[in-house]
Amino acid sequence: MGGDGTSTKLSGPAVLSRKPLAYAALALWVGLLAATPLLGDNYTVRIAITIAMFTAMALSWNFIGGFTGYPSFSTAAFFGIGCYVGALAQRNGIPLVVAWTLATLAVALFAAALGLIILRLKGHYFAIGSIAVVEVVRLIVSSWGSVTGGGDGLNVPLLQGGPEAVSAIVLYVMLAIMLAAFGATVLVDRGRLGFGLRCINQNEDAADMVGIDTTRYKIAAYSLSALFCGTVGAVYASWVGYIDPTDSFSILLTVKVPVMALLGGAGTVFGPIVGTGVFVLLEEFFWANFLEWNRAILGGIIVFLIFFLPGGILRLDYRRLWRDLLARRARQRSAEAAE
Amino acid sequence: MSGILRLEGVSKAFGGIRAVNDVSFALEEGEIVGLIGPNGAGKTTLVNLITGVHPLTAGRVVFAGADVTRQKPFQAARRGLARTFQIVQPFPQMSVLENVAAGALFGGAPDTMADALDEARRELAFVGLEPLAETPAASLTLPNRKRLELAKSLAMRPKVLLLDEVNAGLNAAEIDGALELIRQIAARGVTILIIEHLMKVVLSISQRILVLHHGELIAEGAPRAVVENEKVIEAYLGAKFAARFKQQGSAHV
Ligand SMILES: Nc1ncnc2c1ncn2[C@@H]1O[C@H](COP(=O)(O)OP(=O)(O)OP(=O)(O)O)[C@@H](O)[C@H]1O
Ligand SMILES: [Mg+2]
């Protein structure tokens with residue numbers, strides 16, 4: 001919205017988005033991730049890559065799920081199609097970067113066409129429809145063996161170089177995608193599109209009546225939520241060198257990405273970045289320490305989110321929390337003193 | 001008869017219910033026209049048909065010479081056909097100012113957010129909501145929400161404004177203020193169709209009145225003629241009101 005400071009007073013993060021401090025923190029965070037090839041071992045670099053790619057996808061999801069308020073679970077479909085288009089293009093001799101670009105465009109087109117149908121649904125129906133898309137695409141890819149290799153999967157030409165060089169390249173590409181997604185978020189947040197999407201989020205009928213072409217706006221948001229996931233998928237395929245339908249169209253991925261965005265604060269500019277960072281680090285911690293409980297803990301985070309953090313980490317009013325805490329302490333003390 | 005807004009044989013059926021049945025009328029530019037009728041007569045449905053919320057079962061809507069029968073609500077808004085909702089429809093978490101700016105930016109003339117905000121401030125001042133510009137719309141009282149609804153539709157720079165019970169829930173003093181506002185809006189050259197249950201209000205402000213009953217237009221004309229119309233008395237006003245109105249009328253003469 002306009003740069004004159006008249007942004008929504010309610011959503012703190014909209015104000016935060018113009019705070020230089022938040023941008024400095026982001027620069028530091030990206031710098032830290034980018035430095036992992038120099039500082040850490042290959043395991044650390046893997047974590048950094050995971051963070052970068054999931055941040056890109058959480059930022060993407062934020063366009064439709066956060067700004068627009070449509071609870072989409074189609075991330076895995078976009079990611080998976082990106083994997084396959086990228087892989088197939090490369091196998092047919094198309095150069096790496098062109099293959100990645102092709103995957104991006106294909107996924108954006110797919111989302112725009114799909115959006116025309118699926119965005120007529122609202123609320124729970126949209127959520128169910130969007131998750132069904134993942135299953136349908138997975139089934140098609142599994143059954144279309146002659147092209148996709150079916151359940152056997154596909155080998156993807158490996159990136160040139162030793163394992164460390166490859167990791168570093170993948171990391172920098174994923175970071176670039178993440179920053180592109182962030183740049184798009186900032187532009188949307190400040191522009192006409194973001195304002196229109198927020199109107200749709202809060203009252204779609206009123207948005208329509210005020211002159212917003214809601215269908216077009218929602219399709220734009222849905223395509224934006226797909227685009228970067230397509231690139232991430234194609235780069236991921238090049239990184240791992242082998243893809244199959246179960247791995248590419250994973251239901252776990254489709255649930256994780258919205259949870260990351262919600263954890264940080266859906267509809268905010270920095271929320272998906274914070275949420276993904278916290279989520280991946282927690283996951284790594286639990287993964288390393290309680291291997292068997294990993295999934296249970298993911299479930300636990302989701303439940304915690306729903307009950308205690310409906311607005312996400314960035315929407316918490318920390319000052320009030322602190323005041324309440326102090327007030328409670330004081331009350332306790334005076335109660336003790338009275339006894 | 002041309003008119004800025006013309007309805008030709010407009011009908012709407014919801015399943016078996018004929019909510020609007022073969023309604024034809026025209027609004028002349030700059031007029032204030034009252035639309036009255038009992039609860040469930042089809043008044044709100046008619047507004048929904050004009051603005052493209054529901055598709056028509058039959059008939060045609062012509063706005064400024066163009067057939068707009070199949071338009072979508074957002075197209076109506078951009079063409080200059082604005083409406084207020086009987087049940088107010090704010091963007092609850094946005095500030096009052098942003099609500100009105102949305103109307104200006106998407107439905108009106110401004111190209112930039114800064115222009116839209118300026119326009120929004122002007123309309124807020126006009127309806128008297130300026131002191132509340134920064135408060136969230138969700139925290140407004142009902143009368144203020146009605147004012148917000150009005151400011152939002154004015155920011156869209158409408159040629160025709162359809163007001164669906166903007167005065168409902170207001171007290172006598174507030175209604176006088178609202179009527180003054182509506183007169184000023186008309187003075188800007190905006191054509192107004194006002195749906196209103198309070199006869200005192202309709203009679204004092206309308207140059208012409210349309211009466212809807214069971215989805216059909218049963219009378220149309222000058223306020224005095226409509227009030228004395230037998231069909232209207234039977235369907236809507238009741239004999240008592242007619243008698244009282246006649247007395248008052250003759251007392252004035
Ligand atoms: N979306 C809808 N679906 C089905 N029936 C509807 C719909 N909208 C209105 N109706 C029916 O159409 C008829 C006319 O309703 P409408 O709301 O237009 O009346 P109204 O004149 O505005 O009444 P009020 O004075 O109470 O606002 C009613 O019988 C109503 O139940
Ligand atoms: Mg009504």
Side-chain angles (χ1 to χ4, degrees), chain A residues 1-15 17-18 66-69 116 119-120 186-221 265-268 310-312 314-315 317, chain B residues 47-48 51-53 71-85 87-118 120-121 133-139 148-149 152-153 155-158 162:
Chain A
M1 295 192 293
D4 53 1
T6 33
S7 76
T8 325
K9 286 281 168 353
L10 279 182
S11 57
V15 178
S17 73
R18 259 181 287 286
F67 286 116
T68 323
L116 213 52
L119 288 166
R120 289 168 201 273
V186 171
L187 286 180
V188 168
D189 180 56
R190 292 184 181 177
R192 198 183 175 95
L193 178 60
F195 190 29
L197 294 178
R198 280 204 195 88
C199 289
I200 293 174
N201 187 351
Q202 294 187 21
N203 190 336
E204 193 163 337
D205 288 335
D208 199 355
M209 203 50 79
V210 122
I212 298 171
D213 185 346
T214 52
T215 310
R216 246 185 54 202
Y217 271 62
K218 287 189 292 183
I219 288 178
T268 68
L314 285 190
R315 285 236 176 86
D317 189 342
Chain B
V47 171
N48 285 338
T51 51
V53 175
Q71 71 188 340
K72 293 270 168 47
F74 80 89
Q75 292 167 322
R78 290 183 190 173
R79 285 195 175 105
L81 197 48
R83 62 90 63 92
T84 63
F85 286 92
I87 298 160
V88 291
Q89 301 278 5
F91 302 116
Q93 277 128 273
M94 289 187 186
S95 69
V96 166
L97 182 68
E98 283 175 312
N99 265 269
V100 182
L105 186 66
F106 297 107
D111 281 328
T112 69
M113 193 63 200
D115 290 347
L117 287 168
D118 286 343
R121 280 197 198 90
E134 301 298 333
T135 48
S139 66
L148 172 59
E149 194 76 14
K152 195 162 67 172
S153 48
M156 290 155 62
R157 297 257 184 99
L162 311 169

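Quick note on labels: first sequence line is chain A, next is B, and so on, each numbered from 1. What you see is a predicted model; the values in this text were computed from it and never measured. Only this structure's heavy atoms are used, side chains among them; waters, hydrogens and symmetry mates stay out.
Applying the side chain to side chain donor-acceptor pair (under 3.5 Å) criterion to Asp205(A), with sequence neighbours excluded, gives no partner residue.
Ring pair Tyr217(A)/Phe106(B) is perpendicular by interplanar angle, where above 60° counts as perpendicular and below 30° as parallel.
With hydrogens and angles ignored, the 3.5 Å screen pairs a side-chain donor or acceptor of Asp208(A) with a backbone N or O of Phe74(B).
Going from atom CG of Asn201(A) over to atom CD of Gln93(B) covers 7.5 Å, rounded to the nearest 0.5 Å. Between the CE atom of Met94(B) and the CD atom of Gln202(A) there is a distance of 4.5 Å, given to the nearest 0.5 Å. Of the inter-residue distances, the one linking Met113(B) atom CE with Arg190(A) atom CZ reads 13.5 Å to the nearest 0.5 angstrom.
Contacts between Asp111(B) and chain A at a heavy-atom distance below 4.5 Å involve the backbone alone (N, CA, C, O). Both the backbone and the side chain of Ala102(B) come within contact range of chain A, judged by heavy atoms closer than 4.5 Å.
Contacts between residues 77-84 of chain B and chain A, counted as heavy-atom pairs separated by less than 4.5 Å, involve Ala77(B), Arg78(B), Arg83(B).
The minimum heavy-atom distance linking Leu105(B) with Phe195(A) is given by the pair CD2-CD2, 3.6 Å.
Residues Val53(B) and Met209(A) meet the side-chain proximity criterion, which asks for heavy atoms closer than 4.5 Å.
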